[in-house]
Amino acid sequence: MAEEFLATEMDTAVRVVHLASSLCVKVQDKLRLPSSANGHVKSKDDDSPVTVADWGVQAIVSWVLAQVFGGQNLSIVAEEDTESLSKAESLGLLGAVSSAVNEALSEASKYGLPKPDKPLETTEILEAIGRCNSLGGPKGRHWVLDPVDGTLGFVRGDQYAVALALIENGKVLLGVLGCPNYPVKKEGLSNGCNQPGTKGCVMYAKKGSGQAWMQPLIPGGYPEAATLLKVSSVDDPVLATVCEPVERANSNHLFTAGLANSMGVRKKPLRVYSMVKYAAIACGDAEVFMKFAQSSYKEKIWDHAAGVVIVEEAGGVVTDAGGRNLDFSKGVYLEGLDRGIIACSGQVLHEKLIGAVYASWESSSL
Ligand SMILES: Nc1ncnc2c1ncn2[C@@H]1O[C@H](COP(=O)(O)OS(=O)(=O)O)[C@@H](OP(=O)(O)O)[C@H]1O
Ligand SMILES: [Mg+2]
Ligand SMILES: [Mg+2]
Ligand SMILES: [Mg+2]
């Protein structure tokens, strides 16, 4: 019998996101200790934070993908690089990354993944991180990774996500989101996620399957059960929950409040770090997600690829503010994006929101 399309890719991606999420949980716990907080976080040139977890996840995902699919023709587009980590003054940080990576990889077989014969040397870890320097593009297969999305949320002990997607010829074929702090609902648990009282899940979907799935995160291993995800059936804006980025610098809160108000939304917006916003739409906890960054900012593919396919396969709609599909074929950036990104649980809310965008744009340029 022919193997199911992308079966190995999907299986590997889901398993490695579980493993990566376990690394993040441990690092986030350590960040709570005042003694290690500073040593595990660094500022990038744009003043955004990067942590042991960002580099650690990028290293293990890259290493596992290379083991399973061969390093030769592997293309990985990912957020982090090795520049600051390779500097002499970063020796302590590199040591912390190395410990986190080797601790996680020592558990890899519990996740059904390959495991190194001996702990990886720091040179191998830097190589794995540095290999993820592909620029993507319109042709061929590219893995797309945001090792920690919402790093600000991560360092603040809040929501964040591990996001891995596979793009082929510009289309997102599969997406996986690890959401270690996502509150898994009781209703979800009754359907097979049999870990009462836990938080944390991994969501995943394959393009065109019409299905999106959620597994609980379980400590130290890979779960048997998965639950089907479905977007909310609410299409009345009065009942809808709108989510958006926490930081004003990342999305225009005033503009989105105006849009929400004009489409008839009454509830206060839910401000959540990271692609957990896509997760909330996919599993029916929210109905609308909007992000309107400053016009000088170019959205990156790793901030959206996994979330978009999961929301779409769970029954939702994701477009730019002009109603067009996001274009993942142009390299690292979502080139040609019209103003902002909107994701809705269904067509009705989506049409109302697009209408509100047009009305507001016309009135603002009068
Ligand atoms: N100026 C600006 N405008 C818009 N977006 C930006 C900007 N700067 C960064 N980023 C990217 O936003 C990612 C975090 O988005 P969030 O939706 O999680 O924002 S927020 O943290 O809740 O405010 C964040 O992802 P991570 O770096 O992976 O955390 C960035 O890729
Ligand atoms: Mg990100
Ligand atoms: Mg990131
Ligand atoms: Mg970042």
Side-chain angles (χ1 to χ4, degrees), residues 17 20-21 24 27-28 31 40-58 61 76-85 129 132 136 143-165 175-182 242-257 269-282 286 288-308 310-311 318 320-321 326 328 331-334 337 339-343:
V17 168
S21 298
C24 291
V27 175
Q28 199 182 39
L31 288 184
H40 283 65
V41 184
K42 231 179 137 64
S43 271
K44 297 208 267 194
D45 291 344
D46 63 358
D47 277 343
S48 67
V50 55
T51 73
V52 166
D54 301 63
W55 283 305
V57 168
Q58 190 159 314
V61 172
I76 309 176
V77 185
E79 183 181 353
E80 307 307 338
D81 62 41
T82 56
E83 204 190 314
S84 60
L85 197 57
I129 298 170
C132 307
W143 290 94
V144 179
L145 171 68
D146 193 340
V148 176
D149 180 49
T151 305
L152 207 54
F154 180 78
V155 299
R156 291 178 178 169
D158 207 313
Q159 295 294 333
Y160 64 97
V162 175
L164 180 61
V176 186
L177 273 183
C179 308
N181 286 338
Y182 200 90
V242 174
C243 52
E244 64 179 354
V246 175
E247 294 293 305
R248 277 171 196 283
N250 289 357
S251 187
N252 187 334
H253 288 173
L254 211 60
F255 182 65
T256 54
L270 191 65
R271 295 197 173 131
V272 186
Y273 296 101
S274 84
M275 262 183 275
V276 160
K277 293 184 279 294
Y278 284 106
I281 304 290
V288 178
F289 159 40
M290 299 191 239
K291 181 177 181 189
F292 285 83
Q294 289 160 7
S295 56
S296 57
Y297 181 77
K298 284 167 85 175
E299 293 285 351
K300 311 206 182 70
I301 56 172
W302 54 69
D303 281 323
H304 303 282
V308 170
I310 292 169
V311 165
V318 188
D320 66 16
L326 308 189
F328 290 95
V332 166
Y333 298 103
L334 289 176
L337 186 83
R339 292 165 286 184
I341 290 171
I342 59 181

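In each ligand, atom 1 is the first atom listed, and ligand 1 is the first ligand listed.
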Compare all side-chain heavy atoms of [X] with those of [Y] and state whether any distance is below 4.5 angstrom.
{"X": "V332", "Y": "W302", "value": "yes"}
{"X": "C132", "Y": "E80", "value": "no"}
{"X": "C24", "Y": "V57", "value": "yes"}
{"X": "H304", "Y": "F328", "value": "yes"}

Please list the nearest protein heavy atom to [atom] with its residue and the distance rounded to 0.1 Å.
{"atom": "atom 30 (C) of ligand 1", "result": "D303 OD2, 3.7 Å"}
{"atom": "atom 25 (O) of ligand 1", "result": "D149 OD1, 3.1 Å"}
{"atom": "atom 9 (C) of ligand 1", "result": "Y297 OH, 3.6 Å"}

### Message
Check this for me: E83, atom CD, are more than 12 non-hydrogen atoms of other residues, nucleotides or ligands nearer than 6.0 Å?
### Response
no
Just which atoms of ligand 1 are under 4.0 Å from any heavy atom in [X]?
{"X": "E247", "value": "20 (S), 23 (O)"}
{"X": "G150", "value": "26 (P), 28 (O), 29 (O)"}
{"X": "S274", "value": "16 (P), 18 (O)"}
{"X": "D146", "value": "28 (O)"}
{"X": "A293", "value": "3 (N), 4 (C)"}
{"X": "K277", "value": "16 (P), 17 (O), 18 (O), 22 (O)"}

Which N, O or S atom name in [X] marks its closest approach to the Mg ion (ligand 2)?
{"X": "D146", "answer": "OD2"}
{"X": "D149", "answer": "OD1"}
{"X": "D303", "answer": "OD1"}

### Task
Check for a donor-acceptor pair, side chain of Q159 on one end and backbone N or O of N181 on the other, with a separation under 3.5 Å.
yes
### Query
Is it the side chain (CB and beyond), the backbone, both or neither of K291 that lies under 4.0 Å from ligand 1, heavy atoms counted?
side chain
### Message
As a test of reading the structure, name the N/O/S atom of E79 that is nearest the Mg ion (ligand 4).
### Response
OE2
### Message
Are Y278 and F289 an aromatic pair, judged by ring center distance below 6.0 Å?
### Response
yes
### Message
Do S251 and E244 pair up side chain to side chain, a donor and an acceptor below 3.5 Å, judged on atom types alone?
### Response
no
